[in-house]
Amino acid sequence: MADTHSVIGTKNKKGQTYTDTWKMMNEAPRTPSFFTGSEVIKEAVRRASCDVMIAYPITPQSEAAALIGELFAEGYIGDYFRGESEFAVMSQCAGAAFGGARVFTTTAGPGTMRAMENFPMWAGARLPIQMIVTCRGINSPLSIQPDTLEIAYLLNTGMLVWHAETAQDFFDWILKGYMVSEEPDVHLPLALCCDGFFVTHTKDVVNLTPADMCLPPYDPYRSPVPCMDMECPPVRMMRDPFVMKSNYISYATHASWQQEIWAAIERSRKHSIHWLNGLIDAENTDADIVIVASGTAVSQGREAIRLLEDEGVRCGLIKVKTLRPWPEEEIREATKNAKHIFVPEFNVTGWLAKEIRATIPNHQRVHAGPHVCGGMTMPPEIIVQEIKTALGMKSFSLAGRGS
Amino acid sequence: MSKERIKISEDLYDIMPSDYQDLVKSATYGKEDRGWKDIGNSKELIEQHSLCAGCPESMAFRYILASLPNPEDTVMVGSTGCTSLVFPMVAVHNIHSLFGNQNAIASGLKRALSVRFPDRVKDVVVLAGDGATVDIGLDMTLQAWFRQEKFTTICFDNELYANTGGQESGLMQKGFVAKMAPVGKLFDKVRLPEIARESGCHYVVNCTVSKPSLVEKVIRNAVHIAREIGPTYLQLYTPCILEIGKNSMEGLQEMRDSEKPTERFAYKEYISEPAKQLLAEMAAKDKERKAAAKQLAGQA
Ligand SMILES: Cc1ncc(C[n+]2csc(CCOP(=O)(O)OP(=O)(O)O)c2C)c(N)n1
Ligand code: SF4
Ligand SMILES: [Mg+2]
């Protein structure tokens with residue numbers, strides 16, 4: 001059986017050294033590199049010791065998925081192929097993970113929706129697959145533009161769901177993500193989301209870890225459920241399959257297993273805090289006004305805060321990094337002084353605002369907005385205007401909005 | 001895996017269920033010439049089943065599990081349907097995930113096992129119903145064959161959706177009146193064996209499970225060819241006696257009636273050229289082995 005610790009310091013066939021992940025992420029030198037988000041995904045996967053990657057084209061993740069193919073051709077990944085649809089791909093990922101592989105895949109928008117039946121199955125089967133979701137519109141008429149509505153559907157699948165703001169988050173979290181989801185007391189899939197185009201197709205300076213260091217390999221024998229490789233007992237699972245029983249024991253088994261999945265998400269909290277340095281980042285939360293956001297809406301919020309500062313309005317910022325586990329305590333604590341909480345979002349329904357309203361006392365403090373969707377950008381000015389309007393301050397009307 | 005792996009710790013032996021003790025004592029993992037004749041003499045890899053009494057699927061399961069050439073290194077993939085009630089009791093690692101995605105699961109699984117065990121044989125065998133194989137999962141069935149994925153696909157063809165109560169399926173016969181086919185099925189039984197051949201399968205057999213020796217032969221061939229060459233497909237008639245109105249004793253006769261030369265389950269096989277060559281090599285080796293054994297017995 002593979003022992004994760006005994007391989008540290010040894011080299012893989014590409015000459016990369018299996019490195020203690022904490023050292024690699026926190027102590028190894030970093031090289032600033034000017035890359036697109038897609039290239040950053042490739043660079044993270046290069047260092048992730050992935051066994052299997054399965055791809056399917058859909059904008060805006062096609063480029064990243066194809067770049068990972070190049071990694072396979074270079075020998076960095078055990079196997080790689082294009083599946084026939086996202087539903088099939090996510091099942092192929094499941095098959096590979098059942099067989100004990102570290103698995104990586106990417107999808108977006110309609111692909112996420114097409115594959116949806118797989119996600120609760122992944123969680124229920126405790127498969128620590130990592131799926132990058134480069135969010136895009138799922139509405140009709142067809143849209144390929146950024147829109148985060150699909151995240152709302154992922155929140156109740158039993159997967160871990162993280163929302164990256166920048167390409168740097170992405171690079172670090174892909175690698176750290178495996179460390180959290182492969183913990184024996186977690187062992188759940190991770191949907192690592194970002195806002196399509198804004199992160200995937202823009203260039204940014206990202207500090208990369210050394211290319212000759214890689215993660216320790218996945219050890220499937222640390223899984224809380226047996227790996228399906230005929231190498232570990234038991235070879236027979238049970239005598240009475242619960243599916244065919246309509247009795248209390250059967251219901252109780254299903255119920256307790258669902259509870260266990262959600263308990264595992266809770267147990268991921270401590271690991272996520274350890275690796276991500278907290279589930280949220282909070283600044284100036286003693287201010288009366290606080291913006292709470294995830295993804296690139298955080299960046300827009302940060303700009304809006306600068307504009308407001310120029311006008312003498314002080315405003316705090318909370319960046320929500322993990323949506324599952326949901327940082328309930330953290331958000332409650334960080335918003336306790338706020339009189340007004342603004343939640344800018346790149347989707348029409350405002351799922352983040354709903355989650356926050358359900359979390360904090362005096363939820364009328366939450367102003368759900370501004371919302372943009374369908375690919376619209378979110379200029380910081382519209383956040384400023386939303387805030388000023390709510391506070392009864394005078395604001396210049398924005399172009400096209402009338403007065 | 002060797003039988004060593006499933007050995008029970010001495011301290012825990014007495015609290016393990018007796019059927020698990022039997023598995024360790026007398027199952028045929030690792031026995032080179034295992035086959036249907038072991039049934040009754042050794043511990044079977046299926047403990048009980050929860051199918052209807054007399055369901056031919058239960059016979060098929062027993063013959064198949066007795067015939068797998070390498071059960072100690074075989075992982076099976078199932079799908080939702082009557083078979084999914086049996087799999088949890090099968091003593092070979094097996095995966096149930098969703099309805100219809102079995103060939104996608106198997107594709108990922110086989111590749112993962114090849115990456116993890118490059119120098120070992122790990123066979124993957126899919127076993128699913130006709131609804132799973134031909135209707136909801138057809139895309140993934142065919143695409144796995146197009147890609148030449150190296151595993152065996154077995155379809156338990158009972159010509160309907162048994163588990164949900166007897167609805168029309170693509171492998172149902174034309175004209176059959178069923179749930180969701182209230183005026184009789186309007187189109188022909190899908191010709192999957194022919195499609196399988198055209199899609200790149202190297203070994204295709206269409207038959208019933210009335211003869212255990214025949215099931216043994218086709219399973220061995222299908223698994224060996226999939227291991228060495230590429231995809232293989234077996235379509236086995238396992239009539240749903242419940243839905244066609246037969247009683248428990250009548251499954252065997254139903255299969256015998258349906259395998260007559262003019263009937264839809266008359267034995268049909270297709271073997272690709274490379275597969276023929278492999279079978280010939282295997283037969284030659286077998287002959288050699290038997291001759292050597294005979295000689296050894298003569299000397300003794
Ligand atoms: C996505 C999905 N759709 C429908 C079902 C319901 N369903 C369960 S088993 C089954 C029929 C299985 O038929 P078949 O594959 O022929 O197997 P059989 O029961 O006949 O052996 C159906 C439709 C399901 N479980 N999942
Ligand atoms: S419903 Fe039909 S196929 Fe299913 S167990 Fe009963 S007889 Fe067999
Ligand atoms: Mg059927």
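So you know, we letter chains A, B, ... as the sequences are listed, proteins then strands, and number each from 1.
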Has [X] got more than 12 heavy atoms of other residues, nucleotides or ligands less than 6.0 Å from its [atom1]?
X	atom1	result
B/Q21	CD	yes
A/R46	CZ	yes
B/E10	CD	no
B/R227	CZ	yes

Could you give the distance from [atom1] ([X]) to [atom2] ([Y]), rounded to the nearest 0.5 Å?
X	Y	atom1	atom2	value
A/E117	B/S97	CD	OG	8.5 Å
A/F87	B/L98	CZ	CG	5.0 Å
A/N118	B/I105	CG	CD1	7.0 Å

Got [X] and [Y] here, is their nearest side-chain heavy-atom distance under 4.5 Å?
X	Y	result
A/S85	B/Q143	no
B/L142	A/E84	no
A/V235	B/Y20	yes
B/Y29	A/M230	yes
A/P220	B/R116	yes
B/M140	A/Q92	no
A/F98	B/V75	no

What pair of heavy atoms forms the shortest contact from A/V52 to B/A112, and how long is it? CG2-CA, 4.3 Å
Tell me, for [X] versus chain A, whether the close heavy atoms (under 4.5 Å) come from the side chain, the backbone, both or neither.
X	value
B/T74	backbone
B/P71	backbone
B/F146	neither

When A/A101, A/C227, A/G95 are compared by non-hydrogen pairs under 4.5 Å with chain B, the top option: A/G95
Whether the side chain of B/H93 engages the backbone of A/P233 through a donor-acceptor N/O pair (distance < 3.5 Å, no angle test) should be reported. no
Tell me whether the NZ or CZ atom of B/R111 lies within the 45° cone about the ring axis of A/F81 and under 6.0 Å from its centre. yes
B/N103, B/V92, B/L45: which one forms the most heavy-atom pairs within less than 4.5 Å of chain A? B/V92
Scored by heavy-atom pairs under 4.5 Å with chain A, the best of B/V77, B/V124, B/V115 is B/V115
Check ion pair A/E231-B/R120 (N to O, under 4.0 angstrom): yes
Going by an N to O cut-off under 4.0 Å, is there a salt bridge joining B/K122 and A/D229? no
Can you say whether A/A88 sits under 4.5 Å from chain B via the side chain, the backbone, both, or neither, judging by heavy atoms? both
Which portion of A/M228 sits near chain B, non-hydrogen atoms under 4.5 angstrom: both
